[in-house]
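Indexing begins at 1, ligand by ligand and atom by atom, following the structure's order.
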Amino acid sequence: MKKAIGSHLARSAVYALLAICALVTGCYQDTRLSVDKNGKTVVERYGRLQVKGTQLLNEAGKPVQLRGISSFALQYGAKYANETVIGWLRDDWNIQVWRAALELLDGGYIIRPALKTAVIDSVDAAIKLGIYVIVDWHVHQDANPQRYEAQAAEFFDEMSKTYGEYPNVIYEICNEPNGDDVTWDEVVKPYAEHIISVIRANDPDNIIIVGTPRWSQMVDVASANPITGYSNIMYTLHFYAGSHGESLREQARTAIKNGLPLFVTECGTSKASGGEGVYEAEFLEWASLLQENNISWVNWSLTNKGEDSGILILNADREGKGHWTENQLSQSGKFIRSILRNETKIK
Ligand code: MG
């Protein structure tokens with residue numbers, strides 16, 4: 001009997017040790033892999049995402065951080081919204097999330113509704129590949145989200161009816177509200193409450209991400225008056241490492257302290273213009289804050305137009321075939337790829 005108790009204790013000690021190892025190593029590896037060593041995709045492992053407090057959690061209730069790449073505005077970038085390219089990004093770049101940026105103006109969805117196909121192709125590819133996908137209503141220019149609220153309601157009604165049952169799908173309902181009159185309390189929040197109610201009528205649970213005023217920077221203001229009455233709502237913060245530093249990080253910390261769950265659906269290594277250099281050290285400062293708080297992030301963007309924030313060099317992969325060689329990648333592309341592949345260590 002004594003011996004049995006002894007061996008039971010020894011076994012318990014081994015299990016405890018294994019659990020600690022899993023927490024220290026396995027958990028880290030599992031958290032940032034598009035496909036794990038057993039061939040399980042991120043969606044197979046995490047399942048239906050949920051939000052508790054400031055944290056994005058997997059179905060089992062463990063905090064997770066997703067990292068990935070955004071399309072460029074789809075009226076220019078649709079050629080990459082296919083299973084081959086997104087699959088390449090999953091397997092070579094280790095992305096766990098793809099963002100389909102459906103821009104409204106500048107030749108976008110409002111005058112070319114057929115662009116919706118590029119969103120549908122993105123979502124179908126993500127479902128096949130077992131990664132998450134952000135359906136981004138890319139309010140960007142003339143950016144009062146209420147201006148196209150009726151179109152947004154119609155679009156998200158259809159998307160949530162079609163895709164609400166898939167754990168892969170995340171809705172982003174207004175990319176970057178901006179303008180002096182576009183306040184949180186009077187414009188963005190009421191808009192968001194309407195669109196959330198439309199989505200929730202079809203889909204009770206998938207994550208919905210809400211933009212914040214001033215190009216999705218005023219998360220601190222949103223945190224003083226968050227949306228209530230719905231679950232699985234997050235808020236977006238956008239940054240460009242060459243333009244936004246410590247003062248915007250301070251706004252993020254305020255929002256987190258106030259309990260606001262953040263998801264960085266767009267961030268770049270360049271200035272906010274998309275150009276004027278690649279700011280690696282400043283980007284790593286941000287990456288560190290995001291990792292420390294388990295905040296998911298998506299890099300802007302997959303484009304070959306030659307801007308500094310784009311991951312490809314000018315005119316690389318004109319046809320959208322993926323399988324890029326090192327010399328087709330821009331400085332930013334090489335840098336972001338090495339972070340996503342867990343080769344560049346985040347402090
Ligand atoms: Mg659902």
Looking just at side-chain N and O atoms, do Asn202 and Asp157 make a donor-acceptor pair shorter than 3.5 Å?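 Side chains of Asn202 and Asp157: pair found under 3.5 Å.
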
Scan side-chain atoms only and decide if Asp205 and Asn232 contain a donor-acceptor pair under the 3.5 Å cut-off.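 Checked: Asp205/Asn232 side chains show no N/O donor-acceptor pair below 3.5 Å.
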
Which protein atoms of type N, O or S are found under 2.8 Å from the Mg ion (ligand 1)?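 Within the sphere that stays under 2.8 Å of the Mg ion (ligand 1), the protein atoms of type N, O or S are Gly164 O, Asp203 OD1, Asp205 OD1, Asn206 OD1.
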
Could you pull out all residues at least two apart from Tyr279 that satisfy ring pair (Phe, Tyr, Trp, His ring centres under 6.0 Å)?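 Here no residue qualifies.
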
Ignoring hydrogens and geometry, is there a side-chain-to-backbone donor-acceptor pair from Asn304 to Leu312 under 3.5 Å?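 No, because the side chain of Asn304 does not come within donor-acceptor range (under 3.5 Å) of the backbone of Leu312.
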
Tell me every residue that passes side chain to side chain donor-acceptor pair (under 3.5 Å) with Ser301, counting only those two or more places apart in sequence or in another chain.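 Not a single residue meets the side chain to side chain donor-acceptor pair (under 3.5 Å) criterion with Ser301.
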
Listed pairs under 3.5 Å, donor-acceptor, residues 100-112 side chains, sequence neighbours left out:
{"from": "Glu103", "atom 1": "OE1", "to": "Gln75", "atom 2": "NE2", "distance (Å)": "3.4"}
{"from": "Asp106", "atom 1": "OD1", "to": "Tyr76", "atom 2": "OH", "distance (Å)": "3.4"}
{"from": "Asp106", "atom 1": "OD2", "to": "Tyr76", "atom 2": "OH", "distance (Å)": "3.1"}

